[in-house]
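What follows is a short report on a single structure.
Note that the numbering runs from 1 along the sequence shown for the chain. Note that the coordinates shown come from a computational prediction; the quantities given were computed from them, not determined experimentally. Just follow the structure's listing: the first ligand is 1, and inside any ligand the first atom is 1.
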Amino acid sequence: MIGILLGTRPEIIKMSPVIRECEQRGLDYFILHTGQHYSYEMDRLFFEELELPDPDYNLDVGSGTHAGQTAKIMTGVEEILAKESPEIVLVQGDTNTVMAGALAASKLHMRVGHIEAGLRSFNRQMPEEINRVVTDHISDYLFAPTESARENLLAEGIDDTKICVTGNTVVDAVYQNLDIAKKKANILKDLDLEPRKYFLVTAHRQENVDNRARLKEILKGLEGVQKEFSLPVVFPVHPRTEKRIKEMGFGVDGLNLTKPFGFLEFLQLESQAKLVLTDSGGVQEETCVLGVPCATMRYDTERPETLDVGSNILVGADAKKILEGVRSATAWKRAWRNPYGDGIAGKMIVMVCAAARSQ
Ligand code: UD1
Ligand code: UDP
């Protein structure tokens, strides 16, 4: 039996190819949702759109401090894992769900597989960096998306035999859903947008949106982009960011703020945008796969492949740099190669897990 742990929007999306593969192969598995994300448009919407089976368990841990949330997840995961006794437990990414789930499983002496292992921003101010490092060091199977992620793991002394370079399941998710998105979603028409004549934005990193000065600069930079290009700036607002904009009392001028979109709508918006501004991890990868320029509103990235192939530029949380970055990136030729694999990561991961069960 395989235990699949997830808890947030990006985990549902990037775990979906693994879940589909388990279904197709008729494997014995269960889905344990921690409930770290719980609002309809951050959670349920993705199960519906991606036609995923309902989670077998939902811990409903909700929001909280890092320690509070981590503790609740560990306690809940421990109880379910002890009951189900899976031979392998899979986690994906770098959230509190991932670290807490991996810790609980490894202390029950269960084998842990970390999908998207080996990413490093080398910035310990990010909660995600701590989650990545801890999870990688207690995992038995490290599914690294790229060779450079593998190198990061080797540099930290992790045994090469534990590492398998698979590509990133985000490519599988994009390939599996782009055509469906084109057929099903009509979001450009709904929002009165024309292809390549709008910008798309996401922002939710704790170090950006919980910091008054940074959030102010980001909003100023986005307003600057809207004015300079006279094009719509579509900004589906993450709940953390919505809360902070309200708390800090910022007015937002000229930006098209919306609720978060489903994956099919968001994929369509991403694939046809002139450029995407973001601080998201998954969005840096997806734009790279889709051939759309990306300006990342951060000072570092654990996705250096996007910088290497030339799909992404770091513009920080600085209004002037954001505008300068957008000016240069909108002129790029969209001809880079996708460094994240062929869209078979999910198949490879499940193959390894199926073989591991019998060992
Ligand atoms: C979490 C992850 C981050 C990931 C992001 C994906 C950690 C440390 N952070 O950040 O790595 O990139 O998910 O989106 O694990 N909220 C809602 N509804 C929800 C979820 C959250 O209203 O469904 C609001 C709450 O006010 C909450 C805040 O958003 O306090 C932050 O949620 P939380 O899960 O703590 O962190 P994210 O910013 O979502
Ligand atoms: N996404 C979405 N709707 C939105 C914004 C993002 O479906 O309105 C998807 C996006 O396509 C990507 C994922 O959410 O697959 C990224 O999640 P997020 O930015 O929350 O987390 P991160 O990748 O930074 O961990």
Side-chain angles (χ1 to χ4, degrees), residues 6-17 33-46 49-50 60-70 72-73 91-101 116 119 121 125-132 134-135 168-174 177-178 181 185 187 200-210 234-247 257-271 273 276-287 289-290 292 294 296-298 301-303:
L6 45 76
T8 66
R9 169 169 75 184
E11 292 163 71
I12 303 167
I13 293 169
K14 287 178 166 178
M15 205 56 114
S16 66
H33 192 320
T34 64
Q36 179 172 344
H37 282 179
Y38 46 86
S39 300
Y40 174 77
E41 63 273 9
M42 299 299 287
D43 172 19
R44 190 73 220 145
L45 174 57
F46 297 95
E49 270 199 338
L50 301 178
D60 287 321
V61 299
S63 307
T65 62
H66 282 281
Q69 194 175 54
T70 304
K72 274 194 193 164
I73 297 171
V91 292
Q92 190 288 329
D94 55 17
T95 65
N96 288 346
T97 288
V98 171
M99 185 193 70
E116 205 178 74
L119 273 62
S121 64
Q125 294 302 309
M126 295 180 75
E128 292 84 359
E129 183 74 354
I130 297 163
N131 292 342
R132 289 178 200 119
V134 172
T135 307
N168 195 309
T169 57
V170 79
V171 182
D172 315 24
V174 168
N177 295 295
L178 192 58
I187 192 73
L200 179 66
V201 179
T202 79
H204 73 281
R205 290 257 90 77
Q206 180 182 301
E207 59 276 20
N208 274 344
V209 305
D210 288 12
V234 181
F235 185 176
V237 188
H238 186 286
R240 174 190 283 272
T241 313
E242 187 187 13
K243 191 165 124 191
R244 296 300 179 223
I245 290 176
K246 274 195 197 134
E247 277 170 7
L257 264 51
T258 71
K259 273 189 166 315
F261 294 110
F263 189 52
L264 300 183
E265 290 76 18
F266 192 78
L267 255 187
Q268 238 197 6
L269 284 168
E270 248 180 328
S271 64
V276 179
L277 293 112
T278 194
D279 61 9
S280 156
V283 174
Q284 291 175 66
E285 294 158 352
E286 286 167 2
T287 46
V289 173
L290 291 165
V292 175
C294 181
T296 295
M297 300 183 288
R298 290 177 45 188
T301 180
E302 57 294 313
R303 273 89 178 171

- Would you check, one step at a time, whether the test side-chain hydrogen bond (donor to acceptor under 3.5 Å, both in side chains) holds for Gln92 with Thr169? CA-CA 10 Å; Gln92 190 288 329; Thr169 57; 4.7 Å; no

- Item | Taking atom 23 (O) of ligand 2 as the reference point, the nearest protein heavy atom with its distance | Gly282 N, 2.8 Å

- Heavy-atom distance to atom 10 (C) of ligand 2: which of Glu286, Arg303, His37 wins? Glu286

- for atom 3 (N) of ligand 2, nearest protein heavy atom and its distance come out as Phe261 O, 2.7 Å

- Give the ring-plane orientation class for His238 versus His204, where under 30° counts as parallel, over 60° as perpendicular and anything between as tilted. parallel

- Query: For the side chain of Thr135 and the backbone of Arg132, is there at least one donor-acceptor N/O pair under 3.5 Å apart?
  - Reply: no

- Item | Under 4.0 Å to a heavy atom of Arg205 - the qualifying atoms of ligand 1, by number | 3 (C), 4 (C), 11 (O), 12 (O)

- If every non-hydrogen atom of Glu265 is compared with every non-hydrogen atom of Ile187, which pair is closest and at what distance? O-CG2, 3.5 Å

- Does Glu128 approach ligand 2 within less than 4.0 angstrom via side chain, backbone, both or neither, non-hydrogen atoms only? neither

- Note on the structure: of all protein heavy atoms, closest to atom 7 (O) of ligand 2 is Phe46 CE2, 3.3 Å

- If we only count N/O pairs under 3.5 Å, is Tyr38 in contact with ligand 1? yes

- Task: Tell me which protein heavy atom sits closest to atom 25 (C) of ligand 1, plus the residue, atom name and distance to 0.1 Å.
- Result: Ser63 OG, 3.4 Å

- Heavy-atom side-chain proximity of Ile13 to Val170 below 4.5 angstrom: no

- Measure the CD-CD1 distance between Gln125 and Ile130 for me, rounded to the nearest 0.5 Å. 8.0 Å

- Message: Return the OG1 to CD distance between Thr278 and Glu286, rounded to the nearest 0.5 Å.
- Response: 9.0 Å

- Task: Please could you name the atoms of ligand 1 that Ser39 approaches to less than 4.0 Å, counting only its heavy atoms?
- Result: 17 (C), 18 (N), 19 (C), 22 (O), 23 (O)

- Query: Looking only at heavy atoms, what is the nearest atom pair of Ile73 and Gly101, with distance?
  - Reply: CG2-N, 4.3 Å

- Which ligand 2 atoms, with their elements, are less than 4.0 angstrom from a heavy-atom of Arg205? 24 (O)

- Task: Return a yes/no value for His66: is any of its N or O atoms, backbone included, closer than 3.5 angstrom to an N or O of ligand 1?
- Result: no

- Task: Looking only at protein heavy atoms, identify the closest one to atom 24 (C) of ligand 1 and say how far it is in Å.
- Result: Pro239 CB, 3.7 Å

- Message: Heavy-atom distances under 4.0 Å decide this one: backbone, side chain, both or neither, for Pro236 against ligand 2?
- Response: side chain

- Proximal atoms of ligand 2 relative to His204 (non-hydrogen, under 4.0 Å): 18 (P), 19 (O), 20 (O), 21 (O), 24 (O)

- Query: Taking all atoms of both residues into account, what is the closest heavy-atom pair of Ala273 and Val292, and its distance?
  - Reply: O-CG1, 3.8 Å

- Which atoms of ligand 1 have any heavy atom of Glu128 under 4.0 Å away? 3 (C), 9 (N), 11 (O)

- Have a look at ligand 2 and work out which part of Phe263, if any, has a heavy atom under 4.0 Å from it: side chain, backbone, both or neither. both

- Message: For atom 39 (O) of ligand 1, tell me which residue out of His37, His204, Arg240 has the closest non-hydrogen atom.
- Response: His37

- Where Pro236 and Val201 come nearest, the two heavy atoms and their spacing: CD-O, 3.1 Å

- Item | Short N or O distance, Lys243 and ligand 1, threshold 3.5 Å exclusive | yes

- Message: So, using side-chain hydrogen bond (donor to acceptor under 3.5 Å, both in side chains) as the criterion, who are the partners of Asn208 when residues are at least two apart?
- Response: Arg214, Asp279

- Task: Using atom types as modelled and distance alone, determine if a side-chain donor or acceptor of Thr241 lies under 3.5 Å from a backbone N or O of Ala203.
- Result: yes

- Task: Using side chain to side chain donor-acceptor pair (under 3.5 Å) as the criterion, point out the one residue from Gln69, Glu128, Lys72 that pairs with Asn96.
- Result: Gln69

- Task: Mind listing the closest non-hydrogen atom pair of Pro17 and Lys14 along with its distance?
- Result: CD-O, 3.4 Å

- With respect to atom 37 (P) of ligand 1, which of Met126, Met42, His238 exhibits the smallest heavy-atom separation? His238

- Specify the protein heavy atom at minimum distance from atom 7 (C) of ligand 1: its residue, its atom name, and the distance to 0.1 Å. Gln36 NE2, 3.6 Å

- Message: Checking contacts here: is it the side chain or the backbone of Glu265 that comes within 4.0 Å of ligand 2, counting heavy atoms only? Could be both or neither.
- Response: neither

- Does Ser280 approach ligand 1 within less than 4.0 angstrom via side chain, backbone, both or neither, non-hydrogen atoms only? neither

- Query: Just going by heavy-atom distances, which of Ala203, Gly281, Ser280 is nearest to atom 16 (C) of ligand 2?
  - Reply: Ser280

- Go through the steps for Thr97 and Thr34 under the test side-chain hydrogen bond (donor to acceptor under 3.5 Å, both in side chains), then give the verdict. CA-CA 7 Å; Thr97 288; Thr34 64; 2.8 Å; yes

- Any N or O on Thr8 sitting closer than 3.5 Å to an N or O of ligand 1? no

- Does the N or O separation between Thr97 and ligand 1 drop below 3.5 Å for any pair? no

- Query: Partners of Glu270 by side-chain hydrogen bond (donor to acceptor under 3.5 Å, both in side chains), sequence neighbours excluded?
  - Reply: none

- Test side-chain hydrogen bond (donor to acceptor under 3.5 Å, both in side chains) applied to Thr8 and Gln36, step by step: CA-CA 6 Å; Thr8 66; Gln36 179 172 344; 5.7 Å; no

- Message: Counting non-hydrogen protein atoms only, what is the nearest one to atom 13 (C) of ligand 2? Give residue, atom name and distance.
- Response: Ile13 CD1, 3.9 Å

- For Gly262, counting its heavy atoms only, list the atoms of ligand 2 lying under 4.0 Å from any of them. 7 (O)

- Message: If the cut-off is 4.0 Å to any non-hydrogen atom of Pro260, which atoms of ligand 2 fall inside it?
- Response: 8 (O)

- Task: Kindly confirm or rule out an N or O of Thr95 lying under 3.5 angstrom from an N or O of ligand 1.
- Result: no

- Protein heavy-atom partner closest to atom 25 (O) of ligand 2 - residue, atom, separation in Å: Pro10 CG, 3.5 Å

- Query: Looking at Val98 and Val91, what are the two nearest heavy atoms and their distance?
  - Reply: CG1-CG2, 3.8 Å

- Given that the side chain starts at C-beta and the backbone is N, CA, C, O, which of these parts of Lys14 lies under 4.0 Å from ligand 2, counting heavy atoms, or is it both or neither? neither

- In the protein, what heavy atom is nearest to atom 20 (O) of ligand 2, and what distance, to one decimal place, separates them? Arg9 NH2, 2.9 Å

